[in-house]
Peer 1: 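Below is a structure I'd like to ask you about.
Within every chain, numbering begins at 1; the chains are lettered A, B, ... in the order of the sequence lines, protein sequences first and strands thereafter.
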Number of protein chains: 2
Amino acid sequence: MRTAFRGLKEEIRTRIVEGVWAPGELVPNEVDLAVEFKCARATVNRAMRELAEEGLIERKRKAGTRVRTAPLRQARFTIPVVRKEIEARGAEYRYALVRREIMQPPDWLRARLNLAQDDEVLHLTCMHYAEGNPYQFEIRWINLGALPKAKDADFSKVGPNEWLIAEVPFSDAEISFSATSADEDLSQQLGCARGDALFMAERSTWWQGQAITYVRLVFQRGHRMTTRY
Amino acid sequence: MRTAFRGLKEEIRTRIVEGVWAPGELVPNEVDLAVEFKCARATVNRAMRELAEEGLIERKRKAGTRVRTAPLRQARFTIPVVRKEIEARGAEYRYALVRREIMQPPDWLRARLNLAQDDEVLHLTCMHYAEGNPYQFEIRWINLGALPKAKDADFSKVGPNEWLIAEVPFSDAEISFSATSADEDLSQQLGCARGDALFMAERSTWWQGQAITYVRLVFQRGHRMTTRY
DNA sequence: AAGTGGTCTAGACCACATT
DNA sequence: ATGTGGTCTAGACCACTTA
């Protein structure tokens, strides 16, 4: 209990999990708690605000604070830059550009990114290796309407992800995880059998309402994305 | 800009993405910013603290605040209770217990949950349906050494997840996402072909250093887990 | 040794949702 | 109308880290 508000959080959390304050029940208000714990209301507020943020309690003005009936379970995943992820494990990272093409976006991509009729996209396919072994297959589309200078970038040395991070900010992103079956291309690039189940992440990013890029990251067989909470 | 600290966050975020404060660069200290924005230092502190939490900046005492060279990309996923997830989409939820068995834990489970030699586990297999269609296959192990009353619970009506939520708190959890290939059992239960790529979540939960449960949730073909950030 | 962020306080006013 | 949380302030002291 080095700091007051942390100690408060722990105490409150304990009271909740031990059932002193049951699910759905009203928790004493901030003023009362400040008196009980002999601290300022702001300190109670900080503790309670963070617990609400973590999904343990629910707060409403006038109605007060209640213990969530079903505590929100949420986990935070850090989306790593693949090079750093690999290097962090002490493995050697290698990158290769597989294909590069400027094209009219296919309909599904136009719909997904809400592109204009005449927008062109840069279509890139890349491989990321760890210690010489296939690690991640990257299939990316960059909206040249929003980012014309991507046309002149050299993606044979630096991956599109790292280039984009340095070049453009983004305001909104949608990410999803799913499983996909290895097709001919994937199986060859990732060195697995056709039909193998592979973990895939997709991400669309936007800046000021304009689509920047859509990417599919398909990982080596058996890849897991893990976190604690 | 209804509230000062939110306005501050926006302003600072803008200065960062527009390059006024470049990556790696030192940001003015809290006192100076408070003067510039004509507000209390505590207000600046709140704004900066949240931006640090979001991964945009890095703060160290004495060293000051810097713009992160590679902004941390992180996404938060809410792990839903399957019944609520289905009902939230207006679909009818149905649950079924497929198998129930008390057993000695296999070695891999004993290792994963750090079980004692003579701990027994309750092994459950369940199905969750949405609108009559297979939605999720659940394979669960509950540590009876930590939770003996699970032996007497009736899992034919209420799923183990909902029972556990009501019965036990947990302090730590590890969750991971991956892809798995449908074996005979999975393909029959989920109504897909053998070898289909399926999205899988695994979760181990702990309470006061003791393992409570380990579960594998395998989703219907094509399932995606999505979030925005 | 000194500068920066981290936390806390006491008090104030306000916004919101319930009553 | 009223009670509760949301925010803000001015000032203070402390903890950590670098110089």
Peer 1: What's the CG-P distance between A/L26 and D/dT4, to the nearest Å?
Peer 2: 9 Å
Peer 1: Less than 6.0 angstrom separating the ring centers of B/F219 and B/F137, yes or no?
Peer 2: no
Peer 1: What closest approach, in Å, do B/L33 and B/W21 show between heavy atoms, and which atom pair accounts for it?
Peer 2: CD2-CH2, 4.0 Å
Peer 1: With a 6.0 Å cut-off on ring centres, are B/Y214 and B/W108 close enough?
Peer 2: yes
Peer 1: Does a side-chain heavy-atom distance below 4.5 Å link B/E30 with B/R59?
Peer 2: yes
Peer 1: So, OP1 or OP2 of D/dG6: does either fall under 4.0 Å of a side-chain N or O from A/R59?
Peer 2: yes
Peer 1: What is the distance, to the nearest angstrom, from the CD atom on A/E30 to the C1' atom on C/dA15?
Peer 2: 14 Å
Peer 1: Provide the closest heavy-atom pair for B/G55 versus B/Q74 in the form atom of the first, atom of the second, distance.
Peer 2: N-NE2, 4.0 Å
Peer 1: For nucleotides 8-12 of chain C, which of its nitrogen or oxygen atoms have a protein nitrogen or oxygen under 3.5 Å away, and what is each distance?
Peer 2:
| unit_1 | atom_1 | unit_2 | atom_2 | d |
| --- | --- | --- | --- | --- |
| C/dC8 | OP1 | A/A4 | N | 2.1 |
| C/dC8 | OP1 | A/F5 | N | 3.2 |
| C/dC8 | OP2 | A/F5 | N | 3.4 |
| C/dT9 | OP2 | A/A40 | N | 2.8 |
| C/dT9 | OP2 | A/T43 | OG1 | 2.5 |
| C/dA12 | N6 | A/R41 | NH2 | 3.0 |

Peer 1: Separation of A/I12 atom CD1 from D/dG5 atom P, in whole Å?
Peer 2: 11 Å
Peer 1: Could you tell me if the ring centre of B/F199 sits under 6.0 Å from that of B/F177?
Peer 2: yes
Peer 1: For D/dG5, take OP1 and OP2 only and decide whether either is under 4.0 Å from a side-chain N or O of A/T65.
Peer 2: yes
Peer 1: C/dG6 phosphate, OP1 or OP2: any side-chain N/O from B/N45 under 4.0 angstrom?
Peer 2: yes
Peer 1: Could you state the CG-C1' distance from A/D32 to D/dG5, rounded to the nearest angstrom?
Peer 2: 13 Å
Peer 1: Tell me: CD of B/E50 to P of D/dG6, nearest whole Å?
Peer 2: 12 Å
Peer 1: On DNA chain D, nearest-nucleotide positions of A/R49 versus A/G64: which is more 5'?
Peer 2: A/G64
Peer 1: Take the protein atom CG of B/N29 and the nucleotide atom P of D/dC16, then report the distance between them rounded to whole Å.
Peer 2: 20 Å
Peer 1: What is the separation between atom CZ on B/R61 and atom C1' on C/dT4, rounded to the nearest whole Å?
Peer 2: 9 Å
Peer 1: Report yes if a side-chain nitrogen or oxygen of A/K62 is closer than 4.0 Å to either non-bridging phosphate oxygen (OP1 or OP2) of C/dT19; otherwise report no.
Peer 2: no
Peer 1: Crowded around A/R216 CZ? As in, over 12 foreign heavy atoms under 6.0 Å?
Peer 2: yes
